[in-house]
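We count ligands from 1, going down the list as the structure has it; atoms in each ligand are counted the same way.
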Amino acid sequence: MTLDRIPLAGVIGSPIAHSRSPRLFAHWMRKYGLPGHYIPMDIAADKLEATLRMLPDIGFVGVNVTIPHKERVMEIADLVSDRATLIGAANTLIFRKDGRIHADNTDGYGFVENLRQNAPAWQPESGPAVVLGAGGAARAVIASLLDVGVPEIRLSNRTKARADTLKEAFGNRVQVFDWVKAGNLIEGAATVVNTTSLGMTGKKELRVPLDALSPGMLVTDLVYTPLQTRLLREAEEAGCQVVDGLGMLLHQAVPGFERWFGTRPEIDETTRAAVLR
Ligand code: NAP
């Protein structure tokens with residue numbers, strides 16, 4: 001009898017040393033007693049295509065993709081999922097047995113699953129969502145919020161032209177507002193999301209006025225270093241439901257892990273601890 005190869009997967013980016021995904025995958029493989037390896041790979045842009053075409057030959061079943069390759073891999077892939085097309089970027093590549101590379105984006109899925117798990121009473125359809133920021137992560141957040149029935153998205157970004165581009169892509173349920181007025185958008189919202197990098201360790205603080213935060217709102221921040229940002233601290237003090245950004249990182253990894261290693265992993269406190277260690 002010939003044994004199948006031990007599955008290999010990994011994450012491709014540049015730089016990649018900061019990635020927490022290897023710790024997460026190693027934790028799940030240990031927890032479920034699965035054979036396999038998950039490897040961080042720092043790949044330069046000019047070597048990306050050749051690397052992706054070679055990896056299946058040496059036993060890779062897929063890879064996660066991070067900055068700066070999330071858009072470029074869409075051009076290299078042979079098949080692209082609808083949600084990756086909508087978002088314009090891919091974070092998960094599946095190397096199929098027929099040799100074709102399938103690109104998917106699980107960031108929006110991870111964003112919503114994190115909220116569903118940690119704020120089960122959240123009703124996205126009950127009111128507008130405020131989205132601060134219009135970078136790569138915002139695209140996935142907006143796509144998934146619209147998908148779960150948010151009636152209106154109030155979008156604000158320092159560089160307004162980037163927000164206008166998202167409105168063009170997603171249509172009239174997205175309304176764009178000047179960055180200086182972002183604090184005014186919170187009143188009457190059901191959901192508030194920071195997708196900017198403000199508040200992250202080493203970056204500037206998010207200075208948007210937060211006086212309109214009120215009980216019943218769901219407030220979440222994609223920044224997870226630190227876990228409790230100013231936005232989340234003030235939201236908690238105002239009586240909002242608060243969900244930190246680490247869970248999004250964990251949930252977006254679930255579809256890839258299940259596909260590559262054959263078991264759907266659970267996310268609980270031990271998962272968070274393994275990644276934070
Ligand atoms: P990105 O494409 O570089 O976008 C950065 C965003 O932050 C833009 O909206 C940018 O506005 C805004 N910004 C940066 N500096 C600013 C400043 N001084 N004042 C006002 N706005 C500023 O990055 P991204 O990929 O969207 O990621 C954004 C954040 O989300 C990062 O902190 C990232 O770590 C986090 N993230 C977390 C997860 C998770 O799983 N939790 C997943 C993805 C991303 P301009 O357009 O005006 O530059």
Side-chain angles (χ1 to χ4, degrees), residues 11 13-21 23-25 64-73 83-84 87-92 105-118 130-145 153-167 169 174 176-183 185 192-209 219-232 242-257 267 271-272 275-276:
V11 55
S14 190
I16 202 63
H18 65 284
S19 173
R20 291 172 192 239
S21 298
R23 278 188 235 171
L24 174 62
F25 277 71
N64 289 123
V65 183
T66 187
I67 293 166
H69 302 317
K70 285 176 133 182
E71 286 86 21
R72 173 75 183 110
V73 293
R83 57 189 180 182
I87 294 165
N91 71 341
T92 306
N105 192 314
T106 63
D107 279 337
Y109 163 86
F111 171 72
V112 166
E113 285 304 299
N114 183 34
L115 299 185
R116 296 248 189 252
Q117 183 178 36
N118 293 297
V130 174
V131 174
L132 303 174
R139 285 189 91 96
V141 166
I142 291 171
S144 63
L145 286 174
I153 292 185
R154 301 171 179 172
L155 175 63
S156 187
N157 191 50
R158 176 181 61 176
T159 311
K160 189 162 174 282
R162 277 183 109 181
D164 289 334
T165 305
L166 291 188
K167 180 181 168 58
V174 177
V176 173
F177 298 87
D178 286 341
W179 183 239
V180 285
K181 299 203 181 118
L185 309 178
V192 178
V193 189
N194 175 40
T195 77
T196 74
S197 48
L198 294 171
M200 206 172 149
T201 307
K203 300 263 176 176
K204 286 186 188 159
E205 194 52 271
L206 178 74
R207 296 259 174 243
V208 170
V219 181
T220 187
D221 201 325
L222 266 55
V223 169
Y224 56 85
T225 49
L227 277 177
Q228 195 187 43
T229 58
R230 171 192 168 230
L231 172 66
L232 297 189
V242 166
V243 179
D244 70 47
L246 182 63
M248 175 177 172
L249 179 80
L250 307 180
H251 281 279
Q252 62 78 31
V254 167
F257 187 90
I267 290 166
T271 326
R272 288 173 64 89
V275 171
L276 290 173

**OP:** Give the minimum heavy-atom separation between Leu185 and Val130, together with the two atoms involved.
**Re:** O-CG2, 3.3 Å

Original post:
Taking atom 6 (C) of ligand 1 as the point of reference, which of Ile67, Thr196, Thr66 owns the nearest heavy atom?
Top reply: Thr196

Original post:
Can you check whether Ser197 has an N/O within less than 3.5 Å of an N/O in ligand 1?
Top reply: yes

Original post:
Nearest protein heavy-atom contact for atom 42 (C) of ligand 1: which residue, which atom, what distance?
Top reply: Met248 CE, 3.7 Å

Subject >> Test item, Met200 contacting ligand 1 (heavy atom, 4.0 angstrom) >> reply: yes

Subject >> Geometric N/O contact Arg162 with ligand 1, under 3.5 angstrom >> reply: yes

Subject >> atom 33 (C) of ligand 1 protein-contacted (non-hydrogen atom, under 4.0 angstrom) >> reply: no

Original post:
Quick one: which of Thr195, Thr225, Leu250, Leu246 has a heavy atom closest to atom 28 (C) of ligand 1?
Top reply: Thr195

**OP:** Provide the closest heavy-atom pair for Ala169 versus Arg139 in the form atom of the first, atom of the second, distance.
**Re:** CB-NH2, 3.7 Å

**OP:** Ignoring angles and geometry beyond distance, decide whether Asp107 reaches within less than 3.5 Å of ligand 1 through its nitrogen or oxygen atoms.
**Re:** no

Original post:
Shortest non-hydrogen contact from Gly13 to Pro68?
Top reply: C-CD, 4.3 Å

**OP:** Considering only protein heavy atoms, determine whether one is less than 4.0 Å from atom 23 (O) of ligand 1.
**Re:** no

**OP:** Run the contact test for Leu198 against ligand 1 with a 4.0 Å cut-off on heavy atoms, strictly below, and give the result.
**Re:** yes

Original post:
Is the closest N or O pair between Val223 and ligand 1 shorter than 3.5 Å?
Top reply: no

Subject >> Minimal non-hydrogen separation, Arg23 against Val275, with atom names >> reply: NH1-O, 2.9 Å

Original post:
For atom 47 (O) of ligand 1, what's the nearest protein heavy atom and its distance?
Top reply: Thr159 OG1, 2.5 Å

